[in-house]
Engineer: 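Sharing a structure below in structure tokens format, with a few things to ask.
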Amino acid sequence: GQVTDGYVQVDETPIKYLSPGKGKTAQGYLWTCHRPGGDTVYHWHAGRGHECLENIIPHDFSGTIQCDAYGAYRTYARKHEGIELAGCWAHARRKFHEGLVQGEAKQRAAWIRRQIGHLYEIERELRTSRAGPALREAIRRSRSRPILDRIHRALIRFQQSHVHLPKSLMGKAIRYALGQWPMLCLFIGEGQVEIDNNLVENAIRPTAVGKKNWLFIGDKEAGWRSAVIYSIITSCRNRGIDPYAYLRDVLTRLPSMTNRQISGITPEAWAASHSQIKELAS
């Protein structure tokens, strides 16, 4: 589950756990790391501070962390050289959806959302054409950059007009976008970076379904075990592997394996070996 290619998406979601001896639940967090095109790894921590990232992100990692505006990520980046933060346009867009109230705010928010929609249309074209990082960067610089410049000029104008109160939905949306602006623009110059954090949010979604079913987990140790299980199952599904078939095979072989052989039964290695077996069989 190590982050090795210089780009990872990170998000965290609250999960309650039973506090021993008190008969009450406390709140912990399941942190999710996703490498687009690769694995998803879950980590369990009882807290949500930047210290948690010290145990999640490898110490030798340098590159881009894509995240929301939560302050722990900025604190972590300030303390570590070689770390850049990429913002999430899905989060920014939601803020302007909330700003669609009435009058001038509604019209301005709708205009901003249309511009963001143009950015997403370009991203859809890039995905459909399966463009590589270099081509994605070139197209974003030529087509997406002017849209970003247009959005930025409008946001500055809206802010300077003082029409929208700072605590209004529209005022908060403008402040959020401008406060995140360098992070929201980073994807333009880095072709491997996505426009938003939706891939890691999709990885978190199964835990939301789980919370509705089991409400809370047993204790802190159960949180760690849950993170391991989620990591294995999600990484299997990312590679089109049946999690049950994978676990049945691995758990059968594991007792007789040495530590050196463990790297050969990760979901990535397992998928590659079974793909070769299928090719030989055909």
Side-chain angles (χ1 to χ4, degrees), residues 7-14 32 48-50 53 64-78 83-126 136-137 139-191 193-202 204-205 208:
Y7 173 43
V8 64
Q9 298 180 328
V10 185
D11 202 358
E12 78 290 336
T13 187
T32 307
R48 196 190 177 203
H50 69 89
L53 290 165
T64 303
I65 298 175
Q66 192 161 30
C67 53
D68 58 22
Y70 177 47
Y73 299 106
R74 293 197 185 205
T75 302
Y76 178 83
R78 282 197 300 269
I83 300 291
E84 288 186 300
L85 298 183
C88 173
W89 270 105
H91 278 84
R93 182 170 57 177
R94 280 180 215 140
K95 299 290 183 183
F96 288 100
H97 179 72
E98 294 167 358
L100 285 169
V101 186
Q102 59 185 0
E104 192 169 3
K106 181 176 181 179
Q107 295 175 359
R108 288 180 168 182
W111 186 88
I112 293 291
R113 283 175 58 81
R114 281 198 302 274
Q115 303 310 307
I116 298 174
H118 295 326
L119 293 175
Y120 272 87
E121 183 56 40
I122 294 169
E123 294 302 309
R124 280 191 290 272
E125 292 176 20
L126 293 176
R136 279 171 34 135
E137 182 178 334
I139 290 176
R140 285 168 173 175
R141 286 186 183 278
S142 64
R143 296 179 56 193
S144 303
R145 170 61 73 181
I147 299 171
L148 287 174
D149 291 342
R150 192 158 62 238
I151 294 172
H152 191 246
R153 286 194 300 269
L155 291 173
I156 294 293
R157 190 168 65 250
F158 296 165
Q159 187 180 60
Q160 292 177 344
S161 71
H162 301 295
V163 171
H164 309 290
L165 295 175
K167 292 187 178 181
S168 68
L169 291 174
M170 188 63 178
K172 290 178 180 178
I174 294 169
R175 189 168 65 253
Y176 178 92
L178 290 176
Q180 294 278 105
W181 196 254
M183 295 169 59
L184 289 171
C185 293
L186 188 136
F187 81 103
I188 293 292
E190 296 192 14
V193 174
E194 299 294 329
I195 192 173
D196 59 33
N197 229 15
N198 280 351
L199 292 174
V200 76
E201 289 193 5
N202 290 341
I204 280 181
R205 192 161 291 123

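This is a predicted model, so every value here is computed, not measured.
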Engineer: Would you check if Ile116 and Ile151 make a side-chain contact, meaning some heavy-atom pair closer than 4.5 Å?
Structural biologist: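 Yes, side chains in contact.
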
Engineer: Within 45° of the axis and under 6.0 Å from the centre of the six-membered ring of Tyr176, does NZ or CZ of Arg94 qualify?
Structural biologist: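 Here Arg94 fails the 6.0 Å and 45° test against Tyr176.
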
Engineer: To the nearest 0.5 Å, tell me how far Leu169 CG sits from His164 NE2.
Structural biologist: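 Going from CG on Leu169 over to NE2 on His164, the span is 11.5 Å.
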
Engineer: Any salt bridge linking Arg136 with Glu194? Criterion: basic side-chain nitrogen under 4.0 Å from a carboxylate oxygen.
Structural biologist: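 A salt bridge links Arg136 with Glu194.
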
Engineer: Take Phe187 and Asp196 through the side-chain contact (heavy atoms from CB on, under 4.5 Å) test and state the conclusion after the steps.
Structural biologist: CA-CA 9 Å; Phe187 81 103; Asp196 59 33; over 6 Å; no

Engineer: What distance separates Arg93 CZ from Leu119 CG, expressed to the nearest 0.5 Å?
Structural biologist: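 Arg93 CZ to Leu119 CG: 9.5 Å, rounded to 0.5 Å.
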
Engineer: Is any NZ, NE, NH1 or NH2 atom of the basic residue among Glu137 and Arg140 found under 4.0 Å from an Asp or Glu carboxylate oxygen of the other?
Structural biologist: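 Answer for the salt bridge query: no.
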
Engineer: How would you list, by chain and number, every residue that makes a ring-ring contact (aromatic ring centres under 6.0 Å, His included) with His118, sequence neighbours excluded?
Structural biologist: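 By the ring-ring contact (aromatic ring centres under 6.0 Å, His included) rule, His118 matches no residue at all.
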
Engineer: Is Trp181 reaching over with its side chain to a backbone N or O of His152, donor-acceptor style, under 3.5 angstrom?
Structural biologist: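 Not confirmed, Trp181 side chain does not pair with His152 backbone.
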
Engineer: Do any side-chain atoms of residues 67-74 form donor-acceptor pairs under 3.5 angstrom with protein atoms, and if so which ones, sequence neighbours left out?
Structural biologist:
| unit_1 | atom_1 | unit_2 | atom_2 | d |
| --- | --- | --- | --- | --- |
| Asp68 | OD1 | Tyr70 | N | 3.0 |
| Tyr70 | OH | Arg48 | O | 2.6 |
| Tyr73 | OH | Glu12 | OE1 | 2.5 |
| Arg74 | NH2 | Gly179 | O | 3.0 |
| Arg74 | NH2 | Gln180 | OE1 | 2.6 |

Engineer: Could you tell me whether Glu125 and Arg143 make a salt bridge, using a distance below 4.0 angstrom between a side-chain N and a carboxylate O?
Structural biologist: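 Result for this pair is yes, salt bridge flagged.
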
Engineer: With a 3.5 Å distance limit and no angle check, can you tell me whether Ser144 reaches the backbone of Arg141 through a side-chain donor-acceptor pair?
Structural biologist: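 It does not hold such a pair.
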
Engineer: Would you say the side-chain atoms of Asn197 pair up with the backbone N or O of Val10, donor to acceptor, closer than 3.5 Å?
Structural biologist: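 Such a contact is found between Asn197 side chain and Val10 backbone.
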
